[in-house]
Colleague: 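A single structure is presented below for examination.
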Amino acid sequence: MGLAIAHRLAVQGEAVRVLSRRRSEAAGFVAAGMLAPHAEGLGGPLLQLGQRSLERVPAWVAAIEADSGMGCGLRPCGIVVPFRSEAERDAYPTARFGQVLDRAGLEREIPGLGRGWPAGLLFAQDGQIDNRRRLMRALERACVERGVQFEEGCEVQALEQDATGQLSGVRLQDAEGATRRLPAQRAVLCCGAWSARLLPQLPIAPVKGQMLSLQGPRQALQRVIFGPGTYLVPREDGLLVVGATSEPQAGFEEGLTPAGQRQLQEGLAELLPEAARWPPMERWWGFRPHTPDEGPLLGAGPVAGLWLAAGHHRNGVLLASITAELLGAALGPAGATAEQRQLLHQFRWDRFAALSAGPSSRTPPPAPATP
Ligand SMILES: Cc1cc2nc3c(=O)[nH]c(=O)nc-3n(C[C@H](O)[C@H](O)[C@H](O)COP(=O)(O)OP(=O)(O)OC[C@H]3O[C@@H](n4cnc5c(N)ncnc54)[C@H](O)[C@@H]3O)c2cc1C
């Protein structure tokens with residue numbers, strides 16, 4: 001989010017500085033890179049946000065590729081969701097957006113699919129991007145080309161406000177361990193799963209995910225397979241990314257676990273038995289920024305001058321393009337369009353307080369006329 005928003009603001013002519021504690025811990029490097037609002041079975045406003053973002057991805061990627069001179073590995077390859085029964089398939093929340101597959105159709109789409117999957121849905125509109133090896137690097141390069149300043153190894157430790165409550169600066173520790181104050185009247189907080197450490201009122205908690213990859217033959221698998229609990233994402237060169245565990249109880253506990261890695265191997269064997277023989281490449285883990293409704297917190301935050309782009313949970317790669325657009329509009333001189341204002345309103349950070357206040361407040365208030 002930090003890179004996507006920095007790039008957008010720089011394109012809009014702003015001077016941007018990115019303060020980053022550790023780039024390698026970002027979930028942006030960890031993710032499988034699925035662009036999957038339909039395969040994930042999203043619903044309500046989150047589905048709408050995901051669909052809007054998916055529409056924008058090709059132009060967003062083209063702009064990053066043009067600025068960076070690097071490819072992002074976008075692959076509009078479609079995603080197949082296999083099911084244990086036709087009834088399960090037909091009850092899937094996004095079934096109406098997919099193409100119905102029987103066993104013969106599944107075998108056509110996924111040669112070598114494990115037994116035990118008699119039904120499926122093909123979401124040809126969903127896809128993937130090679131976030132770990134390509135998109136994140138291209139985004140960094142695009143930011144540098146657009147004049148964004150980076151301070152890597154720099155942890156923001158506290159936000160500072162003036163007497164009126166307006167953001168006045170941040171206290172930070174730099175890569176050499178020195179602490180100092182940086183004045184700032186405007187900032188966007190995009191600290192992923194760690195966001196509530198700076199603003200404890202944000203309802204964001206980590207959900208750990210473990211991953212692994214294998215090297216398959218090129219073209220062995222054309223589509224992403226999104227199984228229950230395990231998914232397989234084939235990159236252009238045959239690398240197969242296998243994800244992911246979902247471990248809310250792990251908190252910020254680092255590292256791989258035998259149980260987590262076993263779960264991935266078992267899921268892999270059920271979905272694509274032949275892939276269990278492919279050579280292993282990498283294993284890694286990271287933290288999804290979870291919110292109570294699994295949607296992000298976007299727009300104005302609880303401190304004047306502080307904007308939010310956090311809590312994207314399982315869909316932050318998908319949602320990066322719309323997030324950058326919305327924050328760019330909210331912070332930019334032109335202001336937001338009616339659609340952008342509606343989306344910002346639906347994902348405002350304090351929507352949960354309104355929901356828990358009782359049945360009479362369940363209808364959200366109308367969207368404000370100005371951003
Ligand atoms: C296993 C796994 C699989 C996933 N698969 C997908 C997928 O297929 N498709 C999809 O769309 N999404 C996926 N996601 C979700 C996606 O990765 C996240 O939603 C997204 O990366 C969140 O972006 P972010 O910028 O908010 O957080 P991050 O990418 O985690 O970045 C946060 C950054 O903030 C920095 N930071 C934190 N605190 C501070 C501080 N105090 N000072 C300075 N810097 C700080 C961190 O060092 C980090 O670099 C997956 C996530 C995981 C973990």
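First listed ligand is number 1; within each ligand, the first listed atom is number 1.
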Colleague: Relative to atom 33 (C) of ligand 1, which among Gly2, Ala31, Cys190, Gly153 owns the nearest non-hydrogen atom?
Modeller: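 Selected option, by shortest heavy-atom distance: Cys190.
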
Colleague: Check this for me - ligand 1, Gly33, N or O atoms closer than 3.5 angstrom, yes or no?
Modeller: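 For ligand 1, there is an N or O atom that lies under 3.5 Å from one belonging to Gly33.
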
Colleague: Is Glu270 salt-bridged to Arg84, going by a charged N under 4.0 Å from an acidic O?
Modeller: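 Yes, this pair counts.
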
Colleague: Can a donor-acceptor pair be found, under 3.5 Å and without considering hydrogens, that links the side chain of Gln125 to the backbone of Phe97?
Modeller: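 It does hold such a pair.
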
Colleague: Of the side chain and backbone of Lys208, name the one, both, or neither that has a heavy atom under 4.0 Å from an atom of ligand 1.
Modeller: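 Contact part for Lys208 vs ligand 1: neither.
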
Colleague: Is the closest N or O pair between Val207 and ligand 1 shorter than 3.5 Å?
Modeller: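 There is no such contact.
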
Colleague: Would you check the N or O atoms of Arg21, main chain and side chain alike, for any that come under 3.5 Å of an N or O of ligand 1?
Modeller: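 Yes, there is a polar N/O contact under 3.5 Å.
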
Colleague: Got a sec, which hydrophobics cluster with Trp194, joining ILVMFWY side chains under 4.5 Å apart, including via others?
Modeller: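 Same cluster as Trp194: Phe252, Leu256, Trp285, Phe287.
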
Colleague: Whether the side chain of Gln12 engages the backbone of Gly328 through a donor-acceptor N/O pair (distance < 3.5 Å, no angle test) should be reported.
Modeller: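 Checked: pair present.
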
Colleague: Atom CZ in Arg223, atom CG in Leu122: separation rounded to 0.5 Å?
Modeller: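 Taking CZ in Arg223 and CG in Leu122, the distance rounds to 4.5 Å.
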
Colleague: Once salt bridge (Lys or Arg N to Asp or Glu O under 4.0 Å) is applied, do any residues pair with Arg21, and if so which ones, sequence neighbours excluded?
Modeller: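 Arg21 satisfies salt bridge (Lys or Arg N to Asp or Glu O under 4.0 Å) with Glu25, Glu155 only.
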
Colleague: Compute the shortest N/O to N/O distance between Gly28 and ligand 1 and return yes if it is under 3.5 Å, no if not.
Modeller: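 Looking only at distances, the answer is yes, because the N/O contact criterion of under 3.5 Å is met.
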
Colleague: Quick one: which of Ala309, Ser195, Ala310, Ala27 has a heavy atom closest to atom 30 (O) of ligand 1?
Modeller: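 Looking at heavy atoms only, the winner is Ala27.
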
Colleague: By number and element, which atoms of ligand 1 are closer than 4.0 Å to a non-hydrogen atom of Met211?
Modeller: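 The atoms of ligand 1 under 4.0 Å from a heavy atom of Met211 are 1 (C).
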
Colleague: Just to confirm my output: which protein heavy-atom neighbour is closest to atom 19 (O) of ligand 1, and how far is it?
Modeller: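 Minimum-distance protein heavy atom for atom 19 (O) of ligand 1 reads His313 O, 2.8 Å.
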
Colleague: Under a 3.5 Å cutoff, is there a donor and acceptor pairing between the side chains of Gln173 and Thr179?
Modeller: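 Result is no, nothing qualifies.
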
Colleague: Of all the non-hydrogen atoms in the protein, which one sits nearest to atom 13 (C) of ligand 1, and at what distance?
Modeller: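 Sorting protein heavy atoms by distance from atom 13 (C) of ligand 1 puts Arg314 O, 3.0 Å first.
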
Colleague: Who's the nearest protein heavy-atom neighbour of atom 22 (C) of ligand 1, and how far?
Modeller: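 Nearest neighbour among protein heavy atoms for atom 22 (C) of ligand 1, to 0.1 Å: Pro289 CG, 4.1 Å.
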
Colleague: Give a yes/no on ligand 1: does Tyr231 have at least one heavy atom closer than 4.0 angstrom to it?
Modeller: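 For ligand 1, residue contact (heavy atoms, under 4.0 Å) with Tyr231 is present.
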
Colleague: Nearest protein heavy atom to atom 5 (N) of ligand 1, by residue and atom, and its distance?
Modeller: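 Checking every protein heavy atom, the shortest distance to atom 5 (N) of ligand 1 gives Ala32 N, 3.2 Å.
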
Colleague: Answer yes or no: is there a donor N or O on one side and an acceptor on the other, between the side chain of Asn315 and the main chain of Leu319, under 3.5 Å?
Modeller: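 Not at all, since once roles are kept as given, no pair shorter than 3.5 Å links the two residues.
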
Colleague: Using a strict 4.0 Å cut-off to heavy atoms of Trp194, name the atoms of ligand 1 that fall inside it.
Modeller: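 Counting from 1, the qualifying ligand atoms are 30 (O), 37 (C), 38 (N).
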
Colleague: Considering only the protein, which heavy-atom contact is closest to atom 25 (O) of ligand 1, and what is its distance?
Modeller: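 Going atom by atom, the protein heavy atom closest to atom 25 (O) of ligand 1 ends up being Met1 N, 2.9 Å.
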
Colleague: If we count only N and O atoms by modelled type, under 3.5 Å, do the side chains of Gln210 and Glu247 hold a donor and an acceptor together?
Modeller: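 Note: Gln210 and Glu247 side chains meet the donor-acceptor criterion.
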
Colleague: Does Gly286 reach ligand 1 with a nitrogen or oxygen that is under 3.5 Å from one of the ligand's nitrogen or oxygen atoms?
Modeller: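 The answer is no, given that Gly286 and ligand 1 share no N or O pair closer than 3.5 Å.
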
Colleague: Counting from 1, what ligand 1 atoms have a heavy atom of Leu19 closer than 4.0 Å?
Modeller: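 Listed by number with element, the hits are 43 (C), 44 (N).
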
Colleague: Is the ring pair Tyr92/Phe83 parallel, tilted or perpendicular, if the boundaries are 30 and 60 degrees?
Modeller: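 Rings of Tyr92 and Phe83: perpendicular, over 60°.
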
Colleague: Any side-chain heavy atom of Leu189 sitting closer than 4.5 Å to one from Ser195?
Modeller: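 Leu189 vs Ser195: side chains touch.
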
Colleague: May I ask you to identify the nearest protein heavy atom to atom 8 (O) of ligand 1, giving residue, atom name and distance to one decimal place in Å?
Modeller: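 Nearest protein contact, heavy atoms only, for atom 8 (O) of ligand 1 is Met34 N, 2.8 Å.
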
Colleague: Just how far is it from atom CG of Leu298 to atom CG of Leu49, taken to the nearest 0.5 Å?
Modeller: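 Reported to 0.5 Å precision, the distance equals 6.5 Å.
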
Colleague: Are Val11 and Val61 connected, step by step, through hydrophobic side chains (Ile, Leu, Val, Met, Phe, Trp, Tyr) whose heavy atoms are closer than 4.5 Å?
Modeller: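 Hydrophobic grouping puts Val11 apart from Val61.
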
Colleague: Does ligand 1 have any atom that is closer than 4.0 Å to a heavy atom of Cys154?
Modeller: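 Under 4.0 Å: yes for Cys154.
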
Colleague: Any N or O of Val317 that comes nearer than 3.5 Å to an N or O of ligand 1?
Modeller: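 Min N/O separation from ligand 1 is below 3.5 Å for Val317.
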
Colleague: Does Gly209, backbone or side chain, put an N or O under 3.5 Å from an N or O of ligand 1?
Modeller: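 No; the residue has no nitrogen or oxygen that sits under 3.5 Å from a nitrogen or oxygen of the ligand.
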
Colleague: If you measure from atom 51 (C) of ligand 1 to every heavy atom of Arg288, Glu25, Glu247, Arg197, which option wins on shortest distance?
Modeller: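 When every heavy atom of Arg288, Glu25, Glu247, Arg197 is considered, Arg288 comes closest to atom 51 (C) of ligand 1.
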
Colleague: Check this for me, if you would: do Glu55 and Arg52 make a salt bridge, where the nitrogen-to-carboxylate-oxygen distance has to be below 4.0 angstrom?
Modeller: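 Salt bridge between Glu55 and Arg52, a charged N being under 4.0 Å from a carboxylate O: yes.
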
Colleague: Is it the side chain, the backbone, both or neither of Val30 that has a heavy atom closer than 4.0 Å to ligand 1?
Modeller: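 The side chain, only.
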
Colleague: Between the candidates Gly50, Cys191, Gly316, which shows the shortest non-hydrogen contact distance to atom 34 (O) of ligand 1?
Modeller: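 That would be Cys191.
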
Colleague: For a 4.5 angstrom cut-off between non-hydrogen side-chain atoms, does Val148 reach Leu3?
Modeller: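 Not touching, per the 4.5 Å side-chain cut-off.
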
Colleague: Closest non-hydrogen protein atom to atom 49 (O) of ligand 1, residue and atom name please, with distance?
Modeller: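 Answer, as residue, atom name and distance: Arg22 O, 3.2 Å.
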
Colleague: So, regarding Arg23 and ligand 1 (criterion: nitrogen or oxygen to nitrogen or oxygen, under 3.5 Å), is there a contact or not?
Modeller: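 No.
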
Colleague: Could you tell me whether Ser20 and ligand 1 have an N or O pair separated by under 3.5 Å?
Modeller: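 The answer is no, given that Ser20 and ligand 1 share no N or O pair closer than 3.5 Å.
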
Colleague: Which atoms form the tightest heavy-atom contact between Ala142 and Ile64, and what is the distance?
Modeller: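 For Ala142 versus Ile64, the nearest heavy atoms are CB-O, 4.0 Å.
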
Colleague: If the cut-off is 4.0 Å to any non-hydrogen atom of His312, which atoms of ligand 1 fall inside it?
Modeller: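 Answer for ligand 1: 19 (O).
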
